[in-house]
Amino acid sequence: MCGIIGYTGNDNAKEIIINSLSALEYRGYDSAGMSLFTDNGISTVKTQGRVSELRKKASVHFPENTFCGIGHTRWATHGKPSETNAHPHGTDNVMIVHNGIIENYKELKKEFDDSLFYSDTDTEVIAKILDKEYEETHDPIKSIINTHKRLKGSYALGIIFSDIPGTVFALRKDSPLLIGTGENGMFIASDISAFLKHTNKYIRLEDGDTAMITKDSVRIFDTDGNEKSVKHETAQRNADEIQKGGFSHFMLKEIFEEPDVMKDTFSSITKDFLPDFSETISDDSFFADIGTIHIVACGTALHAGLMGKYFIEKLAKTPVTTETAGEFRYSEPILRANDMAIIISQSGETADSLAALRMLNEKNIRTLSVVNTQGSTIAEESEKVIYTLAGREIAVASTKAFNVQCEVLFILALKIALVKNTLTSDETKNILHSFSTVFSNSIPSILKNTAPFEKAAKILSECNNAFFIGRGYDNYLGQEASLKLKEITYIHSEAYAASELKHGTISLIEDGTPVIAIATDKKFFEKMRSNIEEVKSRGAVIISVCCEDADIIKEISDCVITLPSEPSYCHPFSAATAIQLLAYYTALEMGRDIDKPRNLAKSVTVE
Ligand code: F6R
C-alpha cells in the first residue's frame, strides 16, 4: 500500500527521502514522487514505476542543499498508476501526500471548477480544500483541522506549505502515521522502516491529531486545536532486518527463518512444555466459559485462522467461526456475551481487520489479537495481544508469519483445552514435546533439500491453471498454497476440499493440468487416493505433498514432495513450509518479481 515519508533537519533531505522511499518499497506501489523546499520554493518530481527511476530524476532535478520535504509511494486506488496521479499533489501554496481513501471526494470536488483538477485521484481535492482554508485562516493548524472535519474515509497526510519552509505537518485518521525523532532531524512516516536507519525513537500520532514538526520540535494538536502532550516510544526493530543476508530474495530468507522464529515464539508462550500466556494474559479466567470463538482476519492470516479453527475445535472442543474481516464487519454475526474474538494480523494495520475489531469492541466481546507488529493499531486496541515473534517480514507474500500464526493458535488451542479440561497436563506436555521437533528437525530437514521443489516448479511453471486438493487441515493448507502460487507466479489456481472437485470443477481437468494433492493426515490417505485417481484418469499431472509413509499416494503421483516422518501435529507446519517453497521455486523458474509481485501491497490499509 501507499507509503509516506516526510523529513526536516540538518541532513540532505533529497537523499533521506529517496532512501526512505526505497525502504518503503516492500509495501507494494506503482508510482512515486517527492516535493522539497528549494531556494525557489517547493519543487516536485514524480514517476510511474520504481523508486530507482525517481532517484535518477531527483538527482538532476533537485539541488544538493535541501533540508525539508515529503515523499510518497502510491498504490493506485482512484485513477490508474501514472506520473500525473502520483503524489505529492497540491497547489502553488500547499503540497500533500496521502495514504487511504477519501470516500466523499466526488461530493467535495463539486465545490470547484472541474478544469482545476489535473489528476483522477481522491487526494487532489484535499489539497484544494486545504489551500482554501489556509487562505481564509492564515493558520496552518486551523486549516488542517477544518479540512479534516470535511473529509470522510481513512487518511494519513503529510503536508508542506510553501510559505512555511522547514515545517512538515501531518494528520491521521484510521491510517497509521508515526513521527520519528532523530538527533539530526524529524520524520513523519506511515511505517517505521522509512526512518529506522536514522532513529528508533518515535511518537505515534493518534486518530484525529495534527502534528507540526520542525527540525528540533514536535507539537501535536487535537481536533479542537488544543496542544497535547506527546508520548515517546522506542522501537525494538533493527535496521539490519531489512537486508537479504545472502539470499536471493526476502521471501526465501524469510522461509529459511521459520525454524528460528517458531522456536522464539514457542519459548515466549510456553513453559516446561505447557502453554504459558501469563505475560500478556495474567488470568486464566480470560479463557473460561467461552461460548463460540470468532476468528477474523484477511488473506494468509485468514488461512491461519482456518488452521486455528481446526486446532481449537479438535483439541478444546469449542465451536469456532472463521470469517474474512471485510465480510464480518458488515455482516450481522450472532455474538453472545461469552463469545471471544481472535483477530489475526501480521501488520496489525489491515483496515478491514481493524474495523472488525472496533465493531467487536463496541459490542463488548472479549478480543484477543495475534499480531506480529509491536505497537500496531490492532495490538493497541485489542483487549489482549499475543505477539508472534516472526520478526520483520519484508516480502509481500507472507510466509514465516503464517507459520507462527498457526503455531500461536495451536498453543492457544492447547491452553483452552487445559482450562476446559479436554486435555490433561500430561497429554498437553506430550503434544508440545513432540511439536517442538517441527522447528528442531522437520522444517530444517525440508530446507536442506530443495531439489523436489525445483522439480515440481518446472511442471507448474508451464501451466496456466492448477488445482490444490486436500482434506481436513490439508484443505486449509491448500487454500494458502493456492494463494501463494497466485500471488507470486500469476498462475491461476484454485483450492478445493478433495471431495468437492467432482461437484463441478472436475470439468476443468484436462491432459496435463497439474493437481497438487496435499496428503499429510493419515486418516485421509485412502480417501485422498480415490480423489487423486478421479483426476488422474482425466489427464491430471499429480504433484503430491505427503508424509513419508503415504505410499498409496506416492505410487500414483507424477512428482512427490515428501515431508519428513514426524509426530502428527508437526505435519501442518512442515507442509506449510513445503507449499511456500513450491510457490517460491515456481516463481523463480518463471522469472517473476518475487518480493514485489504486481498489484500487491504488504499492508492493506484501505478497505
Ligand atoms: C498474502 C498476504 C496477505 C495478508 C493479508 C492480511 O501473502 O500477505 O494475504 O495475509 O493482507 O495482512 P495482515 O496479516 O497484515 O493483516
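Whatever order the structure lists them in is the order used to number ligands and atoms, beginning at 1. These figures come from a predicted structure and were not determined experimentally.
Residues satisfying the side-chain hydrogen bond (donor to acceptor under 3.5 Å, both in side chains) test with Arg598, not counting sequence neighbours, are none. Considering only residues two or more places apart in sequence or on other chains, Thr505 meets the side-chain hydrogen bond (donor to acceptor under 3.5 Å, both in side chains) condition with Tyr496. Partners of Ala481 by side-chain contact (heavy atoms from CB on, under 4.5 Å), not counting sequence neighbours, listed by chain and number: Phe468, Ile518, Ile579.
Side-chain polar atoms of Thr450 and Glu454 form a donor-acceptor pair below 3.5 angstrom.
Tyr490 places no side-chain N or O within donor-acceptor distance of the main-chain N or O of Ala587, the cut-off being under 3.5 Å.
Protein neighbours of ligand 1 below 4.0 Å, counting non-hydrogen atoms: Cys298, Gly299, Thr300, Ala301, Ser345, Gln346, Ser347, Thr350, Val396, Ala397, Ser398, Lys484, Glu487, Val604.
Cation-pi geometry between Lys244 and Phe250 is met: under 6.0 angstrom from the ring centre, within 45 degrees of the axis.
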